[in-house]
Amino acid sequence: MRTSLFAAVMILSMPAAARASPDLPLLPMPATVTSQAGSFSFARATMAADDGGGMAAARRLADLVARTGGPKLALAKGGTIRFRRDASIKGEEAYRLRVTAAGVTVSASTDGGLYYGATTLWQLIAASRDGRIGAVTIDDAPAFAWRGVMLDSARHFQPPAYVKQLIDRLAMEKLNVLQWHLTDDQGWRIEIDRYPRLTAVGAWRQPAGAAGVDPATGKPVRYGGFYTKAEIREIVAYAAARHVTIVPEIDMPGHATAAIAAYPALGSTATPPKAPSSDWGVMYNLYNTDDATFTFLTNVLDEVLDLFPSRYVHVGGDEAVKDQWKADPRMQARIKALGLKDEEQLQGWFMARIGEYLQKRGRRLVGWDEILAGKVPPSATVMSWHGVSGAIAAAKAGHDTILSPSPDFYLDHIQSDSGDEPPGRGGVMDWKHIYTFDPLPAALSADERRYLLGVQVNLWTEHVRTTAYADRMLWPRAAALAELAWTPAAKRDWKGFAARLPAEFARYRPLGFGYNMTPLEPLASVDGEGGKITVKLRQQADVGTLRYTTDGSAPTAASQVYDDALTLPEGTRLRARAFAGGDPLGIGRDWTLTAALLRMRTVAEMDLCTAAVSLRLEDDGATDGVRRVHWGDIFHPCWIWKRAPLDGIASLSADVGQVPFNFSIGADLAKVKFDKPRTPTGELEVRLDRCDGPVVASIPLGAATRNSGVSTITGSLSPQQGRHDLCMTFTQTGPDPLWMLDRLTLGPAQ
Ligand code: ACM
């Protein structure tokens, strides 16, 4: 109490000029911002530039301002928004932005700096409500040179227009690397003239489950796609104009199923795959180490280098399980001939050979941190995905390195506990988690930290079937990464970032850009007895202020602020929504607090019994249509309703569905065990108090087995008194398809 009073007195007694001004609505926050008196009117401004780089920056400014509803800005002699070359501004991407009442000057020594200055100016203009922006001097440069996003186009293919839109968005956040994951077990996405089967065969797969068969013809569905060379050239040029480098990734020696399906001689098995895989997980297929395979790989890389001017080329190196090499006499002979110890060393030799080749071609190899096992050239750059340990080992060994730690920067993880999240991996990586990640591992000395090129988030797309899902997984988490990558550590603070996010969302809207609003929604936990219902609200994003009403009206910026649990009479309608200033955030939620509400739970409101591989998974409905999303641990589908109110309960109904079990999990498959069905179709079983407790309900799946969508099944539950934990599992003979519970509703005797 005394401390906070003291703090308040301090603030009140500070001179006005020293008072912290609210942050400008900029993202990423620039290195230094000094606000001044006065303002500049941009409503009728024109632009002038010294040279081609300045003109490009001016055109970008005009384009962004127009697309976000601002005035048309044209180039004209004597323009008051000036783009100036200034050799005294040091740094490849540094710029100075000076706004005075008389005009605006963007200065930089490089085209990139001018471009980023234009981007910052756009954000100031986009946030203005009166056609004026405040006088300010901004001196800015990035904390890290590599500010990356990885897009996996192999697991699901995104159309070229989406890739371009993503690049445009990256540039708006001052992100400058798109790592493009173009090949994997599930698809080969880049046209290679010399090897047409890579795309003729390798770009297409049959989706798993019911979605894999065309219901009209009964024939297998052909699913996939690839980027033609013309499309890639256009995308690369589009990125270059936005100061984004595309780093192509051609994964080897693992993640090679699609390539081996196209050219079986590349494989290391007598039974090569016939088609790209429709499973997720780690596959066994590796390239062999024959000289002919290196000829293939270097021929492919020649065409890749021709398309992508990037100094960096990613060649994977991750998750190459060695079973096939162990079993292949040719690989064993190679190990012997090379005087190597084992298959790990063989991979080291493999990556080194590719690294030397790239070095000869004037490029630098980037690989996942597994490449540290071999003797890659000193110029090789290590992408750390085993947490930050790969980066620590790399920097200590004198390699440049990039932090893209799993699970922290893996955007295939969900970002809230809501049942409305898109499909993805369990283990919530929320916005704050990404924003507050420390990109300077303490284990590295100041000298070693010089090897840290930067940071990158990775969007793996096993569960990201649509571009709408991709946008929701990426944004605004990639914007959090952008600030982590750009803004100096001393200027980063979560509260400030959260306060600037609404302005970011306001920029997305006129641009038509998708993002995930779900973490902005209020989540409720409800409990009650004797006609009173207690509701606890929370919002995972921790952005804005939760407000609510209990009179049925829509919450507004003036509604009551939620700050503690509410106890309300039965029948109350509770509506809640987050607000930032006067503006609503995300979407609101609405509950009618009845006794029936207390007797119903979705699985998002239950606990998972285990979390070995918990996933929000789509069912196998239409390939391009809407699908139901289920939530469970695929190793052990089992859900717990804690303290279910069982007085007067004698029946239940359950919404259940199925997902295809298309997971390549090797020997772990033996760990996926089920209780045996008691009836031919299997059952939903409910146990009391513990998951090995007595069965209190056993409901045959019956007709639900013939419905590939969600079914409701009902049955009796042996009467109990008071509150008990309920544990739900399914009996089944094998894992495919996997039964999933969606929702459970308790009822009286039927
Ligand atoms: C990876 O996640 N396999 C790099």
Side-chain angles (χ1 to χ4, degrees), residues 56 59-60 62-69 115 119 122 148-173 175-184 186-192 199 202-205 207 222-249 304 307-310 411-412 422-423 457-479 482 505 507-516 622-626:
R59 278 195 299 273
R60 176 65 167 174
D63 175 52
L64 292 176
V65 168
R67 286 162 68 195
T68 43
Y115 187 87
T119 307
W122 160 63
V149 168
M150 189 214 73
L151 175 67
D152 170 5
S153 294
R155 273 50 178 266
H156 282 99
F157 173 79
Q158 304 84 22
Y162 180 78
V163 181
K164 284 164 82 175
Q165 192 209 61
L166 174 58
I167 291 164
D168 199 31
R169 287 186 86 161
L170 298 187
M172 291 179 204
E173 314 286 344
L175 291 163
N176 66 346
V177 176
L178 175 67
Q179 179 182 328
W180 202 2
H181 187 77
L182 286 164
T183 71
D184 214 302
Q186 296 81 4
W188 182 283
R189 306 289 176 216
I190 169 173
E191 183 175 44
I192 301 291
T199 43
W204 308 98
R205 68 170 186 264
R222 189 170 179 259
Y223 179 78
F226 65 91
Y227 304 97
T228 66
K229 287 199 158 172
E231 286 166 342
I232 290 175
R233 286 203 177 92
E234 193 180 320
I235 289 169
V236 168
Y238 186 89
R242 286 159 182 74
H243 298 272
V244 172
T245 299
I246 304 186
V247 175
E249 182 185 357
V304 170
L307 288 169
F308 294 95
S310 165
L411 300 190
D412 51 343
V457 283
N458 296 331
L459 182 61
W460 301 104
T461 59
E462 283 91 336
H463 310 297
V464 185
R465 181 175 52 91
T466 68
T467 54
Y469 282 155
D471 277 342
R472 289 178 67 192
M473 298 311 260
L474 280 162
W475 306 103
R477 289 190 292 187
F505 300 149
R507 288 188 289 270
Y508 293 165
R509 277 194 291 275
L511 291 162
F513 286 171
Y515 67 103
N516 193 19
T623 302
D624 298 312
V626 175

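The figures that follow rest on heavy atoms only: side chains count, while hydrogens, waters and symmetry mates do not. Keep in mind that this is a model prediction, so the values were computed, not measured. Counting begins at 1 with the first residue of the sequence.
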For W188, side chain to side chain donor-acceptor pair (under 3.5 Å) partners two or more places apart: none
Residues in side-chain contact (heavy atoms from CB on, under 4.5 Å) contact with D412, at least two apart in sequence or another chain: Y410, R425, W460
Atom pair CZ/CD of R465 and E462 - distance to nearest 0.5 Å: 15.0 Å
Partners passing side chain to side chain donor-acceptor pair (under 3.5 Å) against H181 (at least two apart in sequence or in another chain): D184, E249
Test applied, side chain to side chain contact (heavy atoms under 4.5 Å, CB included); reference residue, F308; option that passes from V236, T245, I235: V236
Residue list, side-chain contact (heavy atoms from CB on, under 4.5 Å) with T467, at least two apart or on another chain: Q158, P159, Y162
Plane angle bin for Y508 and W475 - parallel if under 30°, tilted between 30 and 60°, otherwise perpendicular: perpendicular
Residue pair D152 / L459, side-chain heavy-atom distance below 4.5 Å: no
Those residues that, when tested against R472, pass side-chain contact (heavy atoms from CB on, under 4.5 Å) (two or more places apart): P422, N516, T518
Aromatic ring pairing W204/F226, orientation class (parallel under 30°, perpendicular over 60°, tilted between): perpendicular
Please tabulate, for the side chains in residues 164-173, all donor-acceptor contacts under 3.5 angstrom to protein atoms that are two or more places apart in sequence or on a different chain.
unit_1	atom_1	unit_2	atom_2	d
K164	NZ	E234	OE2	2.5
D168	OD1	R60	NH1	2.7
D168	OD1	R60	NH2	3.1
D168	OD1	R242	NE	3.0
D168	OD2	R67	NH1	3.0
D168	OD2	R67	NH2	2.7
R169	NH1	G514	O	2.8
R169	NH2	G514	O	3.1

Partners passing salt bridge (Lys or Arg N to Asp or Glu O under 4.0 Å) against E231 (at least two apart in sequence or in another chain): none
Check: V304 and I192 side chains under 4.5 Å, non-hydrogen atoms: yes
Side chain to side chain donor-acceptor pair (under 3.5 Å) partners of T68, counting only residues at least two apart: W122
Check: H156 and Y223 side chains under 4.5 Å, non-hydrogen atoms: yes
M150 side chain reached by V457 side chain, heavy atoms, under 4.5 Å: no
For F157, ring pair (Phe, Tyr, Trp, His ring centres under 6.0 Å) partners two or more places apart: Y227
V177: side-chain contact (heavy atoms from CB on, under 4.5 Å) partners, not counting sequence neighbours: W146, V247, Q456
Side-chain (R205) to main-chain (G187) donor-acceptor, under 3.5 angstrom: no
